[in-house]
Every structure is written in structure tokens, then in C-alpha cells.
Colleague: 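Please read through the structure below; I'll follow up with questions.
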Amino acid sequence: MIAPKYNNNLWTNTAAAPLALDAFTGELNVDLIIIGGGFTGCAAALEAAQRGLSVVLLEAQSIGYGGSGRNVGLVNAGLWTPPDDVESTLGQAAGQKLNAALASAPDLVFSLIEKHQINCDAVRNGTLHCAHSSPGLKDLHSRFTQQKKRNAPVELISRDATCQRTGSDTFEGALFDPRAGTIQPLSYCQGLAQAAITKGAKLFENSPALSIERQLEQWQVKTQNGMATAPNLIVATNAYSNDQLLGQQARFTLVHYFQFATEPLTDKERETVLPNLEGCWDTALVMSSFRYDRDGRLLVGSVGSLDHAASTTHEFWAQKKLAAIYPQLAHKKLDHAWHGRIAMTHDHLPKLVEFGPNAYSVFGYSGRGIGPGTVFGTSLAQMIATGDETHLPMPPISEYSEQFTKMAGLYYETGSVLTHASFAAGRSLIGR
Ligand SMILES: Cc1cc2nc3c(=O)[nH]c(=O)nc-3n(C[C@H](O)[C@H](O)[C@H](O)COP(=O)(O)OP(=O)(O)OC[C@H]3O[C@@H](n4cnc5c(N)ncnc54)[C@H](O)[C@@H]3O)c2cc1C
């Protein structure tokens with residue numbers, strides 16, 4: 001059970017245009033059924049509807065209820081896994097294709113925002129991946145070299161320049177990526193949904209898909225009061241999926257990530273903190289992120305869940321971390337707190353599974369899903385509309401499962417609590 005003070009999502013409170021969609025009732029026969037109303041599902045619905053397909057999207061709660069309405073809002077290029085590792089895991093050709101598709105993911109996100117006039121506080125001033133230590137700086141050097149090999153416009157910036165850009169002297173340097181930016185993620189997701197509706201897609205909230213069956217070469221999806229039938233199906237439930245729906249074993253480890261937001265900074269304070277509004281995260285093993293929202297609140301986040309007895313440890317950490325990076329903000333009240341689930345795969349790469357004829361499940365963005373979710377959703381719809389699999393950023397596999405996911409989840413949570421407790425107590429355990 002989550003305490004109300006840890007269930008106060010800034011993005012829900014500041015969403016530009018919340019939707020209030022009907023629940024699904026009755027029967028519909030369409031070209032494509034989509035289960036899940038996050039970035040992946042909504043981007044797929046929009047692209048499919050634009051290409052003239054009839055679409056039903058079923059969302060169990062509300063549009064953006066999952067990771068899409070809870071994340072940091074860093075629209076980054078590529079995956080968290082460096083591109084060389086992607087190629088060595090997938091093989092050169094497949095790895096190159098995925099790297100190229102995701103390198104241009106921010107272009108796709110920001111072009112959709114512009115094209116559909118999505119009001120989501122988009123700021124494309126780049127992101128700073130900040131080195132929290134000398135090994136962290138070494139990691140950034142390696143990422144820089146790999147990105148440069150692929151002609152990415154990234155810059156490695158010095159300790160002094162990082163100090164100027166962030167307003168903090170705690171980092172050894174940073175990797176700046178001008179392709180990236182920040183958004184209000186829930187507003188972006190709701191904007192994609194609204195654009196899909198405008199193009200003719202039928203989207204429903206409070207409509208959990210309860211079963212998926214194959215009948216007469218069609219997919220039949222039942223909700224409590226309705227049934228949709230279609231030749232094509234996309235399951236885009238990611239970390240919020242119910243494994244029973246697909247009758248599958250565990251496919252990823254659930255990792256939690258929390259955020260706290262300060263009260264708005266004064267104009268004077270804002271002059272000293274991230275004057276150019278970049279989104280930031282660091283190189284620590286238990287990573288941290290920080291960015292502004294549109295009202296000048298600073299958001300600080302890290303790995304961990306706020307639904308257990310040790311949640312206060314994460315809160316103490318957030319207050320101390322804020323004071324460590326920005327001593328002038330030590331007195332700031334944290335007035336929003338929330339967390340969300342990340343679907344982390346063993347190799348930290350997304351999985352695209354074709355679990356039946358023209359039925360796809362995509363998951364495992366491993367904490368980097370704004371660009372990838374938009375790319376995978378869009379390209380799946382393109383492929384379904386045209387029958388051309390080359391649209392996909394990676395070839396589908398027929399099944400996927402992982403072992404020891406519960407244990408791994410416990411490991412992540414215990415590790416983050418210990419790291420944050422140690423930091424809050426003034427000692428460094430793993431990183432800072
Ligand atoms: C706290 C946090 C911070 C993050 N920060 C970033 C970041 O800064 N940058 C970045 O790129 N990525 C980030 N991510 C990752 C990113 O948010 C996710 O990868 C992305 O939102 C996944 O989108 P999705 O559409 O695939 O899934 P989701 O947004 O999780 O949507 C899945 C939806 O499926 C619905 N659903 C589940 N079961 C059913 C059912 N049976 N029937 C109908 N609907 C169902 C759920 O209610 C949910 O709304 C972060 C994630 C978290 C949690």
C-alpha cells in the first residue's frame with residue numbers, strides 16, 4: 001500500500017489536456033486491436049489511423065497510467081546500453097539497424113509534437129549525462145567515442161563547463177547530446193492519444209483486456225462488457241502487463257524508479273541552476289536524474305520504490321542529494337513524490353515478440369522508452385499497414401522468457417535502499 005504523500009504525481013497534476021474516455025462496451029470488428037495506452041500503444045494507434053486502418057485501443061486504467069505518465073521525461077537518443085554493446089549482442093547488421101532507428105528517435109518524438117501541436121512543455125535543449133566519479137568519466141569517454149564513430153553530434157564537456165551548465169561542482173564532466181530534450185511525458189502521451197482519436201482511432205479507458213483468443217483466423221479480445229475482433233494485435237503493456245493475459249512466464253525484471261519534485265525555485269535560484277534547462281542524469285550504478293518542469297520545480301529521481309516501509313530512506317536521500325548537488329536548495333520543500341515500474345531485460349534491450357500470426361508484444365525498454373516506445377509503436381503500425389517487415393527496428397522473435405526475475409527485482413530494490421541509506425548517512429557505498 002502506497003502512502004498518499006508518495007502517490008502525488010506531478011505529471012498527473014499538471015497534465016495539459018486530460019482525456020476522459022468511455023469504457024469499451026459492445027462488439028467491434030476492426031483492422032487492429034492495441035492493448036495498452038502508453039507511448040507504444042498510442043503511437044501505434046496514431047500511425048495506423050493515419051494510414052487508414054480501423055483501430056481499437058484498450059487501456060486498463062487511463063491513457064498514460066503506466067510508465068508513460070510517470071517517467072522523468074528525458075527524450076534521449078539510442079538506448080541506455082551503449083551502441084557497441086547493442087551490436088555485439090544482436091549481431092552487427094541487426095544492431096546497426098536498431099541503433100540507427102533509435103538514434104533518430106528524438107527527431108520522431110519532437111516532429112510528432114510539432115505536427116500534432118501537442119502541448120507537452122517540450123524543450124529541446126539537449127541532455128547532460130554527468131560523470132559522478134573518475135570511472136564515470138571513463139565510461140562517458142567510451143560512450144563519446146562510440147557515438148562519434150556513428151556521427152552523433154555529441155560533445156564531451158570539461159569539469160568547468162559542466163559546472164557552468166549544471167550550476168553544480170559535483171561532476172567530473174558530462175556528455176552533452178543536443179538531439180535530446182525534455183517533455184511533460186503524460187501530456188505527450190495524452191497528446192498522441194488525442195491525435196489518434198482525431199484521425200479516427202477508437203480509444204477506451206477503464207477497459208482492461210481480460211482474454212485474448214484466436215478464433216477463425218482473427219484475434220478476439222474480451223473486456224468485461226465488450227469484445228473486439230481483428231486480424232492484427234499489438235500488446236503494449238510493458239512493465240504494467242499482467243502475465244496471465246499472454247499466458248506467459250516472466251519476461252523481465254520489475255525495477256522501480258521514484259521522483260521527488262521541489263516547490264518552484266525563485267527566479268534568482270533558477271539563474272544558478274541549469275540555466276539552459278538541459279535534462280540530466282548521472283553515471284552512478286544506482287543512477288540519479290534531475291531536471292526542471294515548466295513551473296521551475298526541480299525533479300530529483302533514482303532507482304527505488306515508494307511502496308514499502310523503507311520508502312522514507314529514498315525521501316531522505318532525495319533531500320540530501322538535492323543539497324549535495326545544489327547546496328542553495330537544501331531548504332526547498334519536496335511537494336510531489338511518485339514512482340513507476342521499469343521493465344528491465346537481462347541484456348537491457350527491448351524485445352519484440354510475434355506470439356501468433358500478426359500478433360506482437362513489445363516490452364523491455366529497460367528505462368529508455370520515450371523514443372523507443374514511439375519508434376516501436378509507429379513502426380509496428382507501418383508494418384501492419386504495409387506488410388513490410390523492414391519497417392521494424394528489429395526482427396521479431398517467436399517467444400521470450402527470463403528466469404530469476406523476482407530475485408533480480410529484490411536485488412535492485414535492496415541495492416538502492418542500501419545505497420541511498422548510506423548516502424543519506426553521509427557515507428559513499430556504490431557511487432554517490
Ligand atoms: C519513473 C520512470 C522514469 C523513466 N524515465 C524515462 C526517461 O526519462 N526517458 C525515457 O525514455 N524513458 C523513461 N522511462 C521508461 C518509459 O517511461 C517506459 O519505457 C515507457 O513509458 C513504456 O511505454 P509503453 O507504452 O510501452 O508502456 P506503459 O506506458 O507502461 O503503458 C502500458 C499500459 O498498458 C496498460 N495495461 C496493462 N495491462 C492491460 C490490460 N490487460 N488491458 C489494457 N491495458 C493494460 C497499463 O495500464 C499501461 O497504461 C522511465 C520509466 C519510469 C517508470
Colleague: Within the 3.5 Å criterion, strictly below it, is a donor on Glu413 or Tyr411 matched to an acceptor on the partner's side chain?
Modeller: no
Colleague: Are any of the side-chain heavy atoms of Val353 and Tyr360 separated by less than 4.5 Å?
Modeller: no
Colleague: Could you tell me whether Glu263 atom CD has more than 12 heavy atoms of other residues or ligands within 6.0 Å of it?
Modeller: yes
Colleague: Just by modelled atom types, is the Leu392 backbone N or O under 3.5 Å from a matching donor or acceptor in the Lys97 side chain?
Modeller: yes
Colleague: Is there a donor-acceptor contact under 3.5 Å linking the side chains of Thr345 and Arg251?
Modeller: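 No, because no side-chain N or O of Thr345 sits under 3.5 Å from a partner of the opposite role on Arg251.
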Colleague: Excluding sequence neighbours, so at least two apart, what forms salt bridge (Lys or Arg N to Asp or Glu O under 4.0 Å) with Glu269?
Modeller: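 Salt bridge (Lys or Arg N to Asp or Glu O under 4.0 Å) check on Glu269 returns Lys332.
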Colleague: Applying side chain to side chain contact (heavy atoms under 4.5 Å, CB included) to Arg368 and Leu102, what does each step give before you reach the verdict?
Modeller: CA-CA 10 Å; Arg368 182 66 72 83; Leu102 299 184; over 6 Å; no
Colleague: Side chains of Phe204 and Val56, heavy atoms from C-beta outward: is any pair under 4.5 Å?
Modeller: yes
Colleague: Please check: side-chain N/O of Ser68 versus main-chain N/O of Phe39, any donor-acceptor pairing under 3.5 Å?
Modeller: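 Between the backbone of Phe39 and the side chain of Ser68 there is a qualifying donor-acceptor contact (under 3.5 Å).
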Colleague: Restricting to ring-ring contact (aromatic ring centres under 6.0 Å, His included), what partner residues turn up for Phe258, sequence neighbours left out?
Modeller: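 With sequence neighbours excluded, Phe258 shows a ring-ring contact (aromatic ring centres under 6.0 Å, His included) to Phe260, His314, Trp317, His420, given in chain and number order.
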Colleague: I want to check a possible cation-pi pair here: Arg165 against Phe176, using under 6.0 Å from ring centre and within 45° of the ring axis as the test.
Modeller: yes
Colleague: Apply side-chain hydrogen bond (donor to acceptor under 3.5 Å, both in side chains) to Tyr6 and Glu315, showing your working.
Modeller: CA-CA 9 Å; Tyr6 294 143; Glu315 185 180 359; 2.5 Å; yes
Colleague: Test your reading of the model: is there a side-chain donor-acceptor pair from Tyr257 to the backbone of Gly301, 3.5 Å cut-off?
Modeller: yes
Colleague: Does any part of the side chain of Glu205, heavy atoms only, come nearer than 4.5 Å to the side chain of Leu58, both counted from C-beta?
Modeller: no
Colleague: Do NZ/NE/NH1/NH2 and the carboxylate oxygens of Glu87 and Arg150 come within less than 4.0 Å?
Modeller: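 Yes, this pair counts.
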Colleague: Side chains of Ile113 and Ile183: does their closest heavy-atom pair fall under 4.5 Å?
Modeller: yes
Colleague: Looking at Thr283 and His132, would you say the former's side chain and the latter's main chain have a donor-acceptor pair under 3.5 Å?
Modeller: yes
Colleague: Is it the case that Trp80 and His348 place a side-chain donor and acceptor less than 3.5 Å from each other?
Modeller: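 There is no such pair (donor and acceptor under 3.5 Å, judged by atom type) between the side chains of Trp80 and His348.
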Colleague: Looking at every heavy atom in both Tyr326 and Ser168, which two are closest together, and how far apart are they?
Modeller: CE2-CB, 3.8 Å
Colleague: Under 6.0 Å from the ring centre and within 45 degrees of the ring axis: does the NZ or CZ of Lys351 meet both conditions for the six-membered ring of Phe252?
Modeller: no
Colleague: Ignoring hydrogens and angles, state whether a donor on the side chain of Ser207 or Glu59 is under 3.5 Å from an acceptor on the partner side chain.
Modeller: no
Colleague: Between Asp282 and Cys130, is there a donor-acceptor pair closer than 3.5 Å when you use the side chain of the first and the backbone of the second?
Modeller: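 Flag not set: sc Asp282 to bb Cys130 has no pair under 3.5 Å.
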Colleague: Please identify each residue that fulfils side-chain hydrogen bond (donor to acceptor under 3.5 Å, both in side chains) with Ser142, with sequence neighbours left out.
Modeller: Gln146
Colleague: Using a 4.5 Å cut-off on heavy atoms from C-beta on, say whether the side chain of Gln147 contacts that of Pro83.
Modeller: yes
Colleague: Does the side chain of Thr127 pick up a donor-acceptor pair with the side chain of Asp177 at under 3.5 Å?
Modeller: no
Colleague: Quick check: do Ser288 and Val300 have side-chain heavy atoms less than 4.5 Å from each other?
Modeller: no
Colleague: Side chains of Thr182 and Tyr292: do they bring a donor and an acceptor to under 3.5 Å?
Modeller: no
Colleague: Would you indicate whether the side-chain heavy atoms of Leu233 and Ile212 approach each other to under 4.5 Å?
Modeller: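 When only atoms from C-beta onward are counted, Leu233 and Ile212 do touch, with a gap below 4.5 Å.
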Colleague: Please report the closest heavy-atom contact between Met287 and Ser302, naming both atoms and the distance.
Modeller: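 Heavy-atom minimum between the residues: O-OG, 2.7 Å.
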Colleague: Do the charged groups of Lys5 and Asp335 touch, with an N to O distance under 4.0 Å?
Modeller: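 Salt bridge: no.
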Colleague: Could you go through Thr378 and Val375, starting from their C-alpha distance and side-chain angles, then the distance that decides it, and tell me whether this counts as side chain to side chain contact (heavy atoms under 4.5 Å, CB included)?
Modeller: CA-CA 5 Å; Thr378 303; Val375 166; over 6 Å; no
Colleague: Is there side-chain contact between Asn8 and Asn13, with heavy atoms separated by less than 4.5 Å?
Modeller: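 Yes, at least one pair of side-chain atoms sits under 4.5 Å.
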Colleague: Got a sec: does the CG of Asp388 have more than 12 other heavy atoms crowding it under 6.0 Å?
Modeller: yes
Colleague: State whether the number of non-hydrogen atoms from other residues, nucleotides or ligands found under 6.0 Å of Lys202 atom NZ is greater than 12.
Modeller: no
Colleague: Using the ring of Trp11 (Phe, Tyr or Trp, six-membered ring only), decide whether Arg294 places NZ or CZ under 6.0 Å from its centre and within 45 degrees of its axis.
Modeller: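 No, Arg294 does not sit over the ring of Trp11.
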